[in-house]
Asks: 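Please find one structure pasted underneath; my questions will follow.
Quick note on labels: first sequence line is chain A, next is B, and so on, each numbered from 1. Note that the structure is a prediction, hence the values are computed from the model and not measured.
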Amino acid sequence: MLQISFIRQNIDFVKERIQHKNFKEVSIVDSIVALDEQVRKLKVESETLQASMNTASKEIGMLMGKGEKGLAEEKKEEVSKNKSALQQLNEQLGAAEKQLQDELVKLPNLPHSTVPKGKTPEENEVVRAGGNKPVLPETAVPHWELIKKYDLVDFETGAKITGSGFPLYKGKGAKLQRSLIQYFLDYNTAAGYTEYLPPLLVNEASAYGTGQLPDKEGQMYHATADNFYMIPTAEVPVTNIYRDEIVKESELPIKMTAYTPCFRREAGSFGADVRGLNRVHQFDKVEIIQLVHPEKSYEVLEEMVQHVEQLLQNLQLPYRLLRLCGGDMSFASAITYDFEVYSAAQQKWLEVSSVSNFESFQSNRLKARFKDANGKTQLVHTLNGSSLALPRIVASLLENNQTEKGILLPEVLHAYFGKNSIGDL
RNA sequence: GGAGACGUGUCCGAGUGGUUGAAGGAGCACGCCUGGAAAGUGUGUAUAUGGGAAACUGUAUCAAGGGUUCGAAUCCCUUCGUCUCCGCCA
């Protein structure tokens, strides 16, 4: 959520930037400004009235203390008269505030000046690429075939237990998940991130805090009996650690990492996109999250991008780094970099990480703040990135490293996996 | 899930309708004292938001939300959380 004071002072700029994000309802900005003005006007009226009533009440208290009952009774009646007027004012004020809030949450974050123009994924900018695409033998097959061959994931039984898109990992497949998770966490903690293992269900306030609500309600599984939401990413519970908190400037940057399963309804997905591990309803992901000083957030963004990039290099996967165009970026993001790995048998680029700077958009909703050197409270900037999402990493590892006899694993995984390959190598 | 107790500022803790944003203490900050420190001592010490150039000032906040009242930390209702006992359970 953008700060109302900022919008108020930069109306034209806000209008210009949201269009860059392919946001059409520019008129919302005008209605926000109008509502804000109305709210403030009503507030002054209401508070002035309230103040006079408060003063009168105190006077009544003093009169009672002196035993001057008659005078006190007179005052009481006087104040009573104002009550309905105040109530009316407050109703108007409440309605206006709600309207303002409703409009405010519809407004996306403003894209950073370096975000490329564009509306579709095709217009994303390739920043750089790394690793080498493998040359596969004629007999190479996509990962869902390899999964069958080595009995790594049982999709059918997963569908029986729950539904399609809920993979049942098995044997070496399960162990590979565990190895990757542990490797990623170790890699992140070595870089100074503190490991968390958060709740996987969150309440409404948390879902709202990171912007999943009201925006992406349909994307989350909702446990209605208790009104909890299953997390679509660790970002939600972990970022909410600092909801309504004020930290000392010296505590920044706060670096956190967490492994969690992620649950996504992915309503409307179909076809080749959902084949095998390409898109599933439950998947494992290790996330990195930082809360930083506003002046440092772009520096930290670069640092996080490099951190993820190194991880992909360690896994020896061919990858490319994209700077997302305005239209393809998420609602809350000011700038987003995506990492994609090349899955050689499918001959497809698969998104495995998304690194974003939210600036103060999330922290404004969360009220995650710090006290600066002058003792003023300021919003922190929040950033997060996947390091990494597992299924597509697994897909790419399997496809790119397949041989006649088995699948070779990158060296960094050998110790975790307890073996250097899957199969009879 | 049932029964009971409770939820006050950074922390401890007083406060059952009237100048209480909240006694007292601790902590913290700054000053005095000291060769330096400790002790002692003085002052200050919430957040949000409106108005104001500023000094300053209005409003709200004693878990959250609602209600009663001229007036609520104090009374009532709902929700959430903590603790104790019982039940269930890994």
Side-chain angles (χ1 to χ4, degrees), chain A residues 1-9 32-101 103-105 197-209 213 222-229 237 240-252 254 291 360 362-380:
Chain A
M1 188 165 69
L2 292 173
Q3 293 178 76
I4 183 68
S5 54
F6 179 84
I7 299 174
R8 202 186 293 150
Q9 286 158 25
I32 284 173
V33 173
L35 282 165
D36 172 52
E37 213 166 291
Q38 199 192 342
V39 163
R40 288 191 298 156
K41 191 174 142 260
L42 286 168
K43 223 178 212 167
V44 170
E45 281 181 44
S46 160
E47 285 179 3
T48 310
L49 188 54
Q50 185 71 57
S52 77
M53 287 168 72
N54 284 348
T55 316
S57 290
K58 277 186 186 170
E59 280 168 16
I60 292 170
M62 283 196 284
L63 290 172
M64 298 287 268
K66 287 185 202 153
E68 300 193 49
K69 280 230 159 164
L71 280 172
E73 287 301 325
E74 268 174 51
K75 268 273 190 243
K76 271 194 201 181
E77 266 178 48
E78 207 184 301
V79 182
S80 289
K81 281 182 201 155
N82 285 330
K83 271 191 101 178
S84 65
L86 180 69
Q87 202 181 353
Q88 240 179 35
L89 259 178
N90 283 343
E91 269 165 32
Q92 283 177 46
L93 176 62
E97 277 178 331
K98 185 174 181 310
Q99 268 185 53
L100 175 61
Q101 184 68 10
E103 295 297 295
L104 217 42
V105 296
L197 186 58
L200 305 183
L201 282 81
V202 295
N203 59 29
E204 217 173 342
S206 293
Y208 182 83
L213 290 180
H222 188 191
T224 52
D226 297 287
N227 199 22
F228 291 149
Y229 292 87
N240 269 285
I241 293 170
Y242 287 95
R243 171 155 50 88
D244 289 322
E245 297 290 335
I246 299 169
V247 302
K248 291 187 200 128
E249 186 169 1
S250 59
E251 290 174 60
L252 302 176
I254 293 166
L291 272 58
S360 61
Q362 266 185 345
S363 56
N364 187 35
R365 269 207 211 180
L366 285 162
K367 297 284 169 273
R369 293 159 295 174
F370 72 99
K371 231 185 227 313
D372 68 18
N374 303 321
K376 268 196 72 177
T377 37
Q378 282 190 56
L379 296 170
V380 299

Asks: In this structure, how many angstroms lie between the C1' atom of B:U68 and the NZ atom of A:Lys76, rounded?
Replies: 13 Å
Asks: When you match A:Gln87 and A:Met64 each to their closest nucleotide on RNA chain B, which lands nearer the 5' end?
Replies: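 Counting from the 5' end, the first nearest nucleotide belongs to A:Met64.
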Asks: Can you tell me the pairing partner of B:U19 across any strand shown, Watson-Crick or G-U wobble, with both distances under 3.5 angstrom?
Replies: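 Base-paired to nothing in any strand shown.
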Asks: Please report the distance separating the P of B:G24 from the corresponding atom of B:G42, rounded so that it comes out in whole Å.
Replies: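 That atom pair is separated by 13 Å.
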Asks: Between A:Thr48 and A:Ile60, just flag the one whose closest nucleotide in RNA chain B comes earlier from the 5' side.
Replies: A:Thr48
Asks: Going by purine N1 to pyrimidine N3 plus the second Watson-Crick contact, or the G-U wobble pair, all under 3.5 Å, which nucleotide sits opposite B:A48?
Replies: B:U59
Asks: Does B:C6 pair with anything, Watson-Crick or G-U wobble, both distances under 3.5 Å, and if so, with which nucleotide?
Replies: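 B:G81 - that is the nucleotide pairing with B:C6, both distances being under 3.5 Å.
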Asks: Hey, what are the protein-to-nucleotides 64-66 of chain B N/O distances that come in under 3.5 Å?
Replies:
none

Asks: Can you tell if the side chain of A:Ser52 reaches within under 4.5 Å of the side chain of A:Leu49, non-hydrogen atoms only?
Replies: yes
Asks: Does A:Leu71, at its CG atom, have more than 12 non-hydrogen atoms belonging to other residues, nucleotides or ligands within less than 6.0 Å?
Replies: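 More than 12 heavy atoms, drawn from other residues, nucleotides or ligands, come within 6.0 Å of this atom.
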Asks: Mark yes when over 12 heavy atoms from residues, nucleotides or ligands other than A:Gln87 sit less than 6.0 Å from its CD; otherwise mark no.
Replies: no
Asks: Check whether any side-chain heavy atom of A:Asp36 sits under 4.5 Å from a side-chain heavy atom of A:Ile7, and report yes or no.
Replies: no
Asks: Could you pull out the protein-nucleic contacts involving nucleotides 46-53 of chain B (nitrogen or oxygen on both sides, under 3.5 Å)?
Replies:
| residue | atom | partner | partner atom | Å |
| --- | --- | --- | --- | --- |
| B:U47 | OP1 | A:Lys371 | NZ | 2.2 |
| B:A48 | OP1 | A:Arg369 | NH1 | 3.4 |
| B:A48 | OP1 | A:Thr377 | OG1 | 2.5 |
| B:G51 | OP1 | A:Arg40 | NH1 | 3.1 |

Asks: Report yes if a side-chain nitrogen or oxygen of A:Asn203 is closer than 4.0 Å to either non-bridging phosphate oxygen (OP1 or OP2) of B:C80; otherwise report no.
Replies: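 So the side chain of A:Asn203 is outside the cut-off, no N or O lying under 4.0 Å from OP1 or OP2 of B:C80.
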Asks: How about A:Val380 and A:Tyr242: do any of their side-chain heavy atoms sit closer than 4.5 Å?
Replies: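 They are not in contact (no side-chain heavy atoms under 4.5 Å apart), so the answer is no.
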Asks: Would you say A:Ser57 and A:Asn54 are linked by a side-chain donor-acceptor pair, where the criterion is simply a distance under 3.5 Å?
Replies: no
Asks: If I pick the C1' atom on B:C76 and the same atom on B:A23, what distance separates them, to the nearest angstrom?
Replies: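 Those two atoms are separated by 28 Å.
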Asks: Would you say B:U79 has OP1 or OP2 under 4.0 Å from some side-chain N or O of A:Asn227?
Replies: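 Indeed not, no polar side-chain atom of A:Asn227 lies that close.
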Asks: Quantified in whole Å, what is the C1' atom distance between nucleotide B:G15 and nucleotide B:G25?
Replies: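 B:G15 and B:G25 have their C1' atoms separated by 15 Å.
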Asks: What is the separation between atom CG on A:Asn90 and atom C1' on B:U59, rounded to the nearest whole Å?
Replies: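 A:Asn90 atom CG is separated from B:U59 atom C1' by 11 Å.
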Asks: Using the P atom in both, what is the distance from B:G21 to B:U57, to the nearest Å?
Replies: 15 Å
Asks: Find the distance A:Leu201:CG to B:C80:P and express it as a whole number of Å.
Replies: 16 Å
Asks: Pick the C1' atom in B:U68 and in B:A14, then give their distance to the nearest Å.
Replies: 26 Å
Asks: Drop me the distance from A:Leu2's CG to A:Arg8's CZ, to the nearest 0.5 angstrom.
Replies: 13.0 Å
Asks: What is the base-pairing partner of B:A54, counting Watson-Crick and G-U wobble geometry with both distances under 3.5 Å?
Replies: none
Asks: Take atom NZ of A:Lys58 and atom C1' of B:U59, then tell me their distance rounded to the nearest Å.
Replies: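 In whole Å, B:U59 C1' and A:Lys58 NZ are 12 Å from each other.
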Asks: So which nucleotide does B:C11 pair with, by the Watson-Crick or G-U wobble rule with both distances under 3.5 Å?
Replies: B:G25
Asks: When you compare the side chain of A:Ile4 with that of A:Ile32, does any pair of heavy atoms fall below 4.5 Å?
Replies: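 Side-chain contact under 4.5 Å: yes.
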Asks: Using atom C1' of each nucleotide, how far apart are B:G7 and B:U78 to the nearest Å?
Replies: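 One C1' to the other, the span is 16 Å.
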Asks: Could you check whether atom CD of A:Glu37 has more than 12 heavy atoms from other residues, nucleotides or ligands sitting under 6.0 Å from it?
Replies: no
Asks: Paired with B:C30: which nucleotide, if any, by Watson-Crick or G-U wobble criteria at under 3.5 Å for both distances?
Replies: B:G42
Asks: Among the nucleotides B:G58, B:G18, B:U69, which one has an atom lying closest to any side-chain atom of A:Ala51?
Replies: B:G58
Asks: Compare all side-chain heavy atoms of A:Leu366 with those of A:Asp244 and state whether any distance is below 4.5 angstrom.
Replies: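 No, their side chains stay 4.5 Å or more apart.
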Asks: Looking across every strand, which nucleic acid part, if any, lies under 4.0 Å from A:Ala56 by heavy atom: base, sugar-phosphate, or nothing?
Replies: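 Touches nothing.
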Asks: Would you indicate what A:Asn82 reaches in the nucleic acid, counting non-hydrogen atoms under 4.0 angstrom: base, sugar-phosphate, or nothing?
Replies: nothing
Asks: Counting Watson-Crick and G-U wobble pairs only, both distances under 3.5 Å, name the nucleotide matched with B:A72, or none.
Replies: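 Answer to the pairing question: none, since B:A72 forms no Watson-Crick or G-U pair.
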Asks: Any side-chain heavy atom of A:Gln378 sitting closer than 4.5 Å to one from A:Glu249?
Replies: no
Asks: Expressed as a whole number of Å, how far does the C1' atom of B:C62 sit from that of B:G13?
Replies: 13 Å
Asks: Using a cut-off of less than 4.0 Å, is there contact between a side-chain N or O of A:Gln50 and OP1 or OP2 of B:G58?
Replies: no
Asks: What's the gap between B:G81 and B:G67 when it is taken at their C1' atoms, as a whole Å value?
Replies: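 22 Å, rounded to whole Å.
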Asks: Kindly indicate whether the side chain of A:Tyr208, heavy atoms from C-beta on, has any atom under 4.5 Å from the side chain of A:Val105.
Replies: yes
Asks: For B:G1, which nucleotide in any strand shown is its Watson-Crick or wobble partner with both distances under 3.5 Å?
Replies: B:C86
